[in-house]
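We number each residue from 1, following the sequence as shown.
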Amino acid sequence: MGFAEQRFNVNLSILFTELPLLERPAAAAAAGFTAVELWWPWIDTPTPEQSELDALKRAVEDAGVQLTGLNFYAGELPGPDRGALSIPGEESERFRANIDVAADFAGSLGATALNALYGNRVDGVDPAEQDALALVNLVLAARAADRIGAVLLIEALNRPESPRYPLVSAPAAVGIVDKVNAASGLGNARFLMDLYHLSMNGEDLPAVIEEFTPKTGHVQIADNPGRGAPGTGTLPLEELLGLLTKAGYDGWVGLEYKPGDRPSSEAFDWLAR
């Protein structure tokens with residue numbers, strides 16, 4: 001149980017960022033990986049030129065890796081933003097403009113998961129208003145995901161690093177999953193279980209795994225403290241992934257950690273080739 005039982009993919013928005021975007025898929029392949037995932041790569045626009053989308057698609061295909069997951073437009077990430085779909089006004093409109101663009105791109109590469117970051121609370125706006133807007137937008141995203149045969153992921157972040165983000169526990173994120181499934185009638189919303197974020201929140205990770213694995217559509221890992229590779233902190237990640245396998249999770253595990261002061265290609269020494 002543990003690392004040997006898992007299928008790992010590399011998040012190219014946090015690893016291999018020392019390289020231009022179009023070179024990262026090949027670098028992941030050279031490091032031995034067959035699958036990758038991405039945050040929305042164009043933080044300044046939800047609707048990039050078709051030529052930019054086509055170039056990234058070719059880079060993924062030419063590298064021979066599978067795109068397994070993609071984030072919808074989420075504002076400036078990394079940076080101050082934590083999503084756009086619950087932000088009234090321009091950001092919500094940008095999210096809606098991105099829905100079909102992201103889904104079509106993901107679908108063209110066979111990705112089966114789309115991650116929709118909820119968005120921060122906004123001063124002077126009633127949280128209930130934000131939550132109502134979020135539900136409408138998440139249902140739209142769920143329909144787009146369903147159209148390409150994908151699940152819609154809803155992620156819990158951590159309060160220390162994202163103090164204005166309202167989904168900072170597994171139950172909070174799963175509660176939104178349930179609301180989206182009830183509202184859409186599609187049943188394709190799933191929990192994104194990021195063990196780093198949950199550990200930063202001080203959650204009982206074995207209990208979270210036992211309770212919420214049936215509603216989990218994707219898992220991401222990084223060690224804590226530091227958000228580095230497994231073995232750089234104190235999280236028993238091999239044991240936790242063993243518990244996930246035992247609980248029935250057989251999907252991809254995304255490597256969403258910082259490589260530290262070394263090239264990303266040297267940040268996988270914990271993983272048997």
R159, CZ: over 12 other non-hydrogen atoms inside 6.0 angstrom: no
Classify the side-chain pair N158/N201 by whether it contains a donor and acceptor separated by less than 3.5 Å. no
Looking only at the aromatic ring of each residue, does the gap between the centers of W270 and F3 stay below 6.0 angstrom? yes
Looking only at heavy atoms, which two atoms of A173 and I154 are closest? And how far apart? O-CG2, 4.0 Å
Looking at every heavy atom in both A145 and L152, which two are closest together, and how far apart are they? CB-N, 4.3 Å
Which heavy atom of P166 sits nearest a heavy atom of A172, and at what distance? O-CB, 4.4 Å
Output the distance between atom CD (E91) and atom OG (S86), rounded to the nearest 0.5 Å. 10.0 Å
Taking all non-hydrogen atoms of both residues into account, name the closest pair between A59 and P25 and its distance. O-CB, 3.7 Å
Quick one, M193 with L244, criterion side chain to side chain contact (heavy atoms under 4.5 Å, CB included). Give me CA distance, side-chain angles, the key distance, then yes/no. CA-CA 10 Å; M193 185 187 295; L244 270 159; 4.0 Å; yes
Going through the distances and angles, do Y196 and E161 end up as a side chain to side chain contact (heavy atoms under 4.5 Å, CB included)? CA-CA 11 Å; Y196 167 74; E161 294 174 328; 2.8 Å; yes
Could you tell me whether the side chain of I209 reaches within less than 4.5 Å of the side chain of L240, counting heavy atoms only? yes
If you count the non-hydrogen atoms of other residues, nucleotides and ligands that lie under 6.0 Å from CD in E49, is the total more than 12? no
Table please: side-chain donor-acceptor pairs of residues 216-224 below 3.5 Å, with sequence neighbours left out.
from: T216; atom 1: OG1; to: F212; atom 2: O; distance (Å): 2.8
from: H218; atom 1: ND1; to: W252; atom 2: O; distance (Å): 3.2
from: H218; atom 1: NE2; to: E37; atom 2: OE1; distance (Å): 2.6
from: Q220; atom 1: NE2; to: E37; atom 2: OE2; distance (Å): 2.8
from: Q220; atom 1: NE2; to: E256; atom 2: OE2; distance (Å): 3.4
from: D223; atom 1: OD1; to: T234; atom 2: N; distance (Å): 3.2
from: D223; atom 1: OD1; to: L235; atom 2: N; distance (Å): 2.9
from: D223; atom 1: OD2; to: G231; atom 2: N; distance (Å): 2.8
from: D223; atom 1: OD2; to: T232; atom 2: N; distance (Å): 3.4
from: D223; atom 1: OD2; to: G233; atom 2: N; distance (Å): 2.9
from: N224; atom 1: ND2; to: S199; atom 2: OG; distance (Å): 3.2

Establish, yes or no, whether a centroid distance under 6.0 Å links the rings of F8 and F33. no
Would you call D178 and K215 a salt bridge, taking side-chain N to carboxylate O under 4.0 Å as the test? yes
Indicate whether any N or O donor in one side chain lies under 3.5 Å from an N or O acceptor in the other, for T245 and Q6. yes
Against S184, only a single residue in D146, L135, L138, V139 fulfils side chain to side chain contact (heavy atoms under 4.5 Å, CB included); can you say which? V139
Heavy-atom side-chain contact between V151 and L114 under 4.5 Å: no
Between Q66 and T34, do the side chains contain an N or O donor and an N or O acceptor separated by less than 3.5 Å? no
Donor-acceptor under 3.5 Å (R7 side chain, D250 main chain): yes
Side chain to side chain contact (heavy atoms under 4.5 Å, CB included), that's the test. Do L53 and V101 meet it? Break it down for me. CA-CA 9 Å; L53 293 160; V101 176; 4.1 Å; yes
Closest contact, heavy atoms only, F16 versus S265: CE2-N, 3.8 Å
Rounded at 0.5 Å granularity, tell me how far CE in M200 sits from CG in L195. 14.0 Å
Taking C-beta and beyond as the side chain, do L255 and F268 meet within less than 4.5 Å on heavy atoms? yes
Is there a donor in the side chain of Y118 and an acceptor in the side chain of Q130, or the other way round, less than 3.5 Å apart? no
Taking atom CZ of R121 as the centre, report whether more than 12 heavy atoms of other residues, nucleotides or ligands fall under 6.0 Å from it. yes
Decide yes or no on salt bridge (Lys or Arg N to Asp or Glu O under 4.0 Å) for D100 and R143, but give the supporting numbers first. CA-CA 10 Å; D100 283 332; R143 291 173 182 161; over 6 Å; no
Answer yes or no: is there a side-chain heavy-atom contact under 4.5 Å between T213 and F191? no
Does a side chain donor of either Y257 or R227 reach within less than 3.5 Å of an acceptor in the other side chain? no
Closest non-hydrogen atom pair between L12 and T17, with its separation: O-CG2, 4.0 Å
Just so I know, are the side chains of L77 and L117 near enough to count as touching, which here means a heavy-atom distance under 4.5 Å? yes
